[in-house]
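Atoms within a ligand are numbered from 1 in the order they appear, just like the ligands themselves.
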Amino acid sequence: IKLFTVIGARPQFIKAAVISRLVRDVYKNQVREVLVHTGQHYDQNMSDIFFEDMDIPRPDFFLSINEKSHGAMTGKILIKLEELMINQKPDLVLVYGDTNSTLAGALAASKLHIPIAHVEAGLRSFWKKMPEEQNRILTDHLADFLFCPTDTAINNLKNESIINNVFNVGDIMLDSFNYYNGMLENKPLKFIQVDKQSDFNLNSLNKFSLLTLHRAENTTSKQTLDSIFENLNKLNTPIIFPVHPRTRDVIKSFGLRIPSSIMCVEPVGYFEMLYLLRSCERVITDSGGLQKEAFFAKKQCFTLRNQTEWVETLHNNCNTLLDPETTFHEIILKNEPFGPFHSYFGSGRTGKDIIDAILKTI
Ligand code: UDP
């Protein structure tokens, strides 16, 4: 069968790496993949580094679409993908997660009556203003194959009357986490750059928190960002902060001063991220993916949001939601016991189960 895979943003490269590798190494006689990169994330450290380090095949098509507004971005991707799908005549369109590229891929395929598979189906934050939530709901309602990471996701779909071709396959990020963690020992880790000025050696830091921050709700108001940095400063612990380009831009435009305990670094590659995860004391984030990776790495996580799609991570204090606009540093400093970490996210064979289910049904 001919698979048409749409990716565009960092977390999608990390998920797609699994299936692309399986197609190349295990299923090459049954599946051919056309890989399309929409261009949503295109910088060296948000895109290229993942293709290089994770050995993802070069995209067959690169659409160079990186509009700032959601409507323009989704619309332009939709137009280009429709053209490409008409030319390529795939048997199935594969989309991942919850970005504008996901929705545009699903919409284009749906109008052309091409079956759609959605990986990471059924996730809900139940907050409709969240751009990712809009993309998830719409994509799930268009998809023909729904690959859910958890029982909760299956139930969410059931509540929206989506019951056909719904599979609980576990979380594809666990496949990536296990596979690349296994390669970490032999990897020369690139030095992580601090403020573009000086390199600093992680080995000299023995206790630090790992921070990422990029959700729209946390990066549009100066007040919210001020509150977050003020709280983090009170932790009195070094914090390593790979800064997402969107966040870097707003920090600059608001003229925010970052406390000196927070070391801002450029976004890092996946291997560096796994190394940071392994070495850190705790994770503080608003990322969906990182909440789970903290869980896989058995690190305590604090999520700077009022809700999470990954509700399983909240069990046993493994993950704690913090309202970014309140005084939350005391909650982190309480050092509440956490764990054990149960295996809610499948067996780490998600990629294979997805391809097998597709081959069986299509
Ligand atoms: N990530 C990375 N380098 C970074 C920040 C994140 O490799 O500097 C990885 C992270 O480990 C996870 C994924 O990117 O696998 C999460 O992406 P992001 O937070 O951008 O998106 P979300 O998961 O919130 O949709």
*Asks:* For atom 23 (O) of ligand 1, what's the nearest protein heavy-atom neighbour? Residue, atom name and distance, please.
*Replies:*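 So the nearest neighbour among protein heavy atoms is G289 N, 2.7 Å.
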*Asks:* Should H244 be counted as touching ligand 1, given the test is an N or O pair under 3.5 Å?
*Replies:* no
*Asks:* Polar contacts were defined as any N/O atom of the residue lying under 3.5 Å from an N/O atom of the ligand; does this apply to S287 and ligand 1?
*Replies:* yes
*Asks:* Decide whether Q12 and S101 meet the rule of one side-chain donor and one side-chain acceptor closer than 3.5 Å.
*Replies:* no
*Asks:* For E293, counting its heavy atoms only, list the atoms of ligand 1 lying under 4.0 Å from any of them.
*Replies:*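 Ligand 1 atoms under the 4.0 Å threshold to E293: 10 (C), 11 (O), 12 (C), 15 (O).
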*Asks:* Angle class for the Y344/F295 ring planes (parallel below 30°, perpendicular above 60°, tilted otherwise)?
*Replies:* tilted
*Asks:* Which of the listed options, F271, F177, F50, F13, holds the heavy atom that is closest to atom 7 (O) of ligand 1?
*Replies:* F50
*Asks:* Would you check whether M173 reaches within less than 4.0 Å of ligand 1, judged by its heavy atoms?
*Replies:*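 M173 counts as a contact of ligand 1 under the 4.0 Å cut-off.
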*Asks:* Tell me which one of T219, I258, L213 satisfies side-chain contact (heavy atoms from CB on, under 4.5 Å) with I251.
*Replies:* I258
*Asks:* Flag the pair I284 / L304 as yes when at least one side-chain heavy-atom distance between them is below 4.5 Å, and no otherwise.
*Replies:* yes
*Asks:* Where on R215 is there a heavy atom closer than 4.0 Å to ligand 1, on the side chain, on the backbone, on both, or on neither?
*Replies:* side chain
*Asks:* Report yes if the distance between the aromatic ring centroids of F13 and Y270 is under 6.0 Å, otherwise no.
*Replies:* no
*Asks:* For atom 9 (C) of ligand 1, grab the closest protein heavy atom and report residue, atom and distance to one decimal in Å.
*Replies:* I14 CD1, 3.7 Å
*Asks:* Could you list the atoms of ligand 1 found under 4.0 angstrom from a heavy atom of P267?
*Replies:* 8 (O)
*Asks:* Should you measure from each heavy atom of G288, which atoms of ligand 1 turn up under 4.0 Å away?
*Replies:*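 Within the 4.0 Å cut-off of G288, ligand 1 contributes 22 (P), 23 (O), 24 (O).
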*Asks:* With a distance cut-off below 6.0 Å to the six-membered ring centre and an angular limit of 45° from the axis, does R282 pair with F338 as a cation-pi contact?
*Replies:*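 No.
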*Asks:* For atom 21 (O) of ligand 1, what's the nearest protein heavy atom and its distance?
*Replies:*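 Result for atom 21 (O) of ligand 1: P11 CG, 3.5 Å.
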*Asks:* Do L123 and L314 share a hydrophobic cluster (ILVMFWY, side-chain heavy atoms under 4.5 Å, transitive)?
*Replies:* no
*Asks:* Mind checking whether V268 contacts ligand 1 via backbone (N, CA, C, O), side chain (CB onward), both or neither, at a 4.0 Å heavy-atom cut-off?
*Replies:*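 It is both backbone and side chain that touch ligand 1.
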*Asks:* When you look for heavy atoms under 4.0 Å from ligand 1, do you find them on the side chain of P242, its backbone, both, or neither?
*Replies:*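 Side chain only.
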*Asks:* If you group Ile, Leu, Val, Met, Phe, Trp and Tyr by side-chain heavy-atom gaps below 4.5 Å, do M173 and V283 land in one group?
*Replies:* yes
*Asks:* Is it the case that ligand 1 has an N or O less than 3.5 angstrom from some N or O of R10?
*Replies:*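 Among all N and O atoms of R10, at least one is under 3.5 Å from an N or O of ligand 1.
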*Asks:* Report the part of E272 (side chain from C-beta onward, or backbone N, CA, C, O) that has a heavy atom under 4.0 Å from ligand 1; answer both or neither where that applies.
*Replies:* neither
*Asks:* Compare all side-chain heavy atoms of D151 with those of N168 and state whether any distance is below 4.5 angstrom.
*Replies:*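 In short, these two side chains touch, coming nearer than 4.5 Å.
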